[in-house]
Number of protein chains: 2
Amino acid sequence: MAKKNLESGIMTAAEKLFIEKGFEATSTTDITKMVGCNQALVNYYFRTKEKLFQQIFSQKLDHILSFMTLESNQNISLFDFIPQFINAYFEELSNNRKLPFIIINELVINKERRKFIREEIILKEQFQNYYSTLTRLVKAEIEKGTIRNIDTSDLLLHIISLTVFTFISLPLYEDFFLKDEVAVRNYVAARKEEIITLIINGIRVN
Amino acid sequence: MAKKNLESGIMTAAEKLFIEKGFEATSTTDITKMVGCNQALVNYYFRTKEKLFQQIFSQKLDHILSFMTLESNQNISLFDFIPQFINAYFEELSNNRKLPFIIINELVINKERRKFIREEIILKEQFQNYYSTLTRLVKAEIEKGTIRNIDTSDLLLHIISLTVFTFISLPLYEDFFLKDEVAVRNYVAARKEEIITLIINGIRVN
DNA sequence: GCTGTTTTTAATAGACCTATTAAATAATTC
DNA sequence: GAATTATTTAATAGGTCTATTAAAAACAGC
């Protein structure tokens, strides 16, 4: 039962290639070439290339969800919650810089696969709890008069937009003026702080 | 010389399909089937599928650039400039809802094609002028003490992130609770106003 | 209406891709 | 250690894709 060896080897290679080049541009031959085994093993272990893809992205989405949960059930102020969440989100994407591309490309564009985001994230209890927590915090601050009237969905979308787009645009920035890994990290860190500032200032009533 | 007929017909169909399904997933057979002509005509007029793609996206980028120029050489306050730009940008993307996808997918991800964004936008005089104008307006307000210290590049990236991501996430919102075209338009309009508010508040010093 | 050029077509080469099959090898069980 | 099961391979069917070629059709000028 050396099974797990090649099965997980194929998953690892496939994950790398799918994220790097997308679903269409990655062939099962590419994947098995990277593993160093026969192409037929993809079908042996995963039945089809599509099922392999879905298995990998169920996992990925699960991981994203789990990191959201971490932040949700704490009893803190909105003004601590937002930076904490953005920090965690940046941390996550820093370690998976190309994840936004694949999620947008394969999971948002593709109508069939969009249900994955629905089922694996939005409808999950963890996310619903997270969203409720955020709503509660927002409402509290609005009532206190510390922030302007704003929907939870708008606030969340602001955070996601600004965070995700940092990594979407990163390849362009790298081409232009981020010459090494240190420069990239500094840029991302600075961007994170700027985003936190924008959002806090952008909702706060002075 | 019925030439322009099929040549532009192919371009129109190709543009529609490339934006709808991406480069890889669109075959020259698909394109010519839509036009109703022979597949070989793609190669007759454009030599290769890649060249056809590049020709279409040179045009698209040119169009994006031209709409930026429109906004740049006016002598207005930053607080008018930002809403004006965001309005124009939203208008543009409302009429090309899937444009962000294709730009991210084919032009940002693909290292070879990234030079197109560089050459057709960023290095162009029009963009540089636009950027200078924005920088001048930002500096003026910082010196007046009306906005906090912020880089032009950060401000521009905020605007682009929030605007583009509205349309990136739109398919998901449509699946969930935007049941018809009217709902979509209302949502996008509300989102635009919220983004303008966030950015203005987010940079303003009170 | 004939001649030369341009446009369009049909046919196909050559490459690659996924999934299937049958056979070979490795591992496990009794 | 023979039988059974699980894993891996080689070979290939059947599909699709891009680009090329040669021939047919449409069009131009004279």
Side-chain angles (χ1 to χ4, degrees), chain A residues 1-59 101-102 105-107 109-113 116, chain B residues 1-59 101-102 105-107 109-113 116:
Chain A
M1 215 177 278
K3 183 176 171 178
K4 286 292 158 202
N5 223 339
L6 281 172
E7 182 171 1
S8 66
I10 289 170
M11 284 194 79
T12 308
E15 179 178 331
K16 192 168 287 181
L17 289 171
F18 280 148
I19 290 181
E20 193 72 31
K21 317 201 301 173
F23 180 77
E24 299 273 357
T26 300
S27 72
T28 55
T29 314
D30 290 341
I31 295 167
T32 50
K33 203 173 281 170
M34 179 175 263
V35 180
C37 69
N38 193 278
Q39 178 268 331
L41 281 188
V42 166
N43 302 92
Y44 176 73
Y45 282 119
F46 303 95
R47 203 83 201 85
T48 66
K49 181 187 168 189
E50 174 71 26
K51 281 190 175 23
L52 169 59
F53 180 85
Q54 293 185 359
Q55 199 161 316
I56 287 168
F57 281 87
S58 281
Q59 269 185 211
F101 289 111
I102 196 81
N105 264 318
E106 310 295 351
L107 299 182
I109 278 187
N110 189 306
K111 201 170 167 53
E112 299 299 311
R113 298 211 195 101
F116 272 75
Chain B
M1 215 177 279
K3 183 175 173 178
K4 285 293 157 199
N5 224 338
L6 280 173
E7 183 171 359
S8 68
I10 289 170
M11 284 193 77
T12 306
E15 178 177 330
K16 190 168 285 181
L17 290 171
F18 280 148
I19 290 181
E20 193 72 29
K21 319 202 298 172
F23 181 79
E24 300 273 358
T26 300
S27 71
T28 54
T29 313
D30 290 342
I31 295 167
T32 50
K33 203 173 283 171
M34 179 176 263
V35 180
C37 69
N38 194 277
Q39 177 269 332
L41 281 189
V42 166
N43 301 91
Y44 176 72
Y45 283 119
F46 304 96
R47 203 84 201 85
T48 67
K49 181 187 169 190
E50 174 72 25
K51 281 190 176 22
L52 169 60
F53 180 86
Q54 293 185 358
Q55 199 161 316
I56 288 167
F57 281 88
S58 281
Q59 270 186 209
F101 289 111
I102 196 80
N105 264 318
E106 308 296 350
L107 298 182
I109 279 187
N110 188 307
K111 202 171 167 51
E112 300 300 311
R113 298 210 195 102
F116 272 76

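What you see is a predicted model; the values in this text were computed from it and never measured. Order of the sequence lines fixes the chain letters, A, B, ..., with proteins taken first and strands second; residue numbering starts at 1 for each chain.
Looking only at atom types and distance, the side chain of A:Gln54 has a donor-acceptor partner in the side chain of A:Glu50 under 3.5 Å away. Between the side chains of B:Thr28 and B:Gln39, at least one donor-acceptor pair of N or O atoms lies under 3.5 Å.
One can place CD of A:Gln39 at 14 Å from C1' of D:dG14, the figure rounded to the nearest angstrom. One interatomic measurement links the two molecules: CG of B:Asn38 to P of D:dT18, which rounds to 13 Å at whole-angstrom precision. Between the CZ atom of A:Phe53 and the C1' atom of C:dT18 there is a distance of 17 Å, given to the nearest Å. In this structure, A:Lys33 atom NZ and C:dT18 atom P are separated by 11 Å, rounded to whole Å. Between the CD1 atom of B:Ile31 and the P atom of D:dA19 there is a distance of 10 Å, given to the nearest Å. Computed from coordinates, the A:Phe23 CZ to C:dC17 P distance equals 13 Å when rounded to whole Å. Computed from coordinates, the A:Glu24 CD to D:dC17 P distance equals 10 Å when rounded to whole Å. The CG atom of B:Asn43 sits 17 Å away from the P atom of C:dA13 (whole-angstrom rounding).
Cation-pi contact between A:Lys49 and A:Phe23: present, with separation from the ring centre below 6.0 Å and deviation from the ring axis of at most 45°.
Nucleic acid contact class of A:Thr32 (heavy atoms, under 4.0 Å, all strands): none.
The minimum heavy-atom distance between B:Ile31 and B:Phe18, with the atom names listed, is CD1-CZ, 4.2 Å.
Comparing C:dT20, C:dT9, D:dC17 against the side chain of B:Ser27 picks out D:dC17 as the nearest. Of all nucleotides listed (D:dT18, D:dA11, C:dT7), C:dT7 comes nearest to the side chain of B:Tyr45. Nearest to the side chain of B:Ala40, among C:dA10, C:dA19, D:dA19, sits C:dA10. Residue A:Leu41 has its side chain nearest to D:dT8 when only C:dA19, D:dA19, D:dT8 are considered. Of the candidate nucleotides C:dT8, C:dT20, C:dC17, C:dT8 has the atom nearest to the side chain of B:Tyr44.
The phosphate of C:dT20 has OP1 or OP2 within less than 4.0 Å of a side-chain N or O from A:Arg47.
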- Task: Step by step, work out the side chain to side chain contact (heavy atoms under 4.5 Å, CB included) result for B:Glu7 and B:Phe46.
- Result: CA-CA 9 Å; B:Glu7 183 171 359; B:Phe46 304 96; 3.7 Å; yes

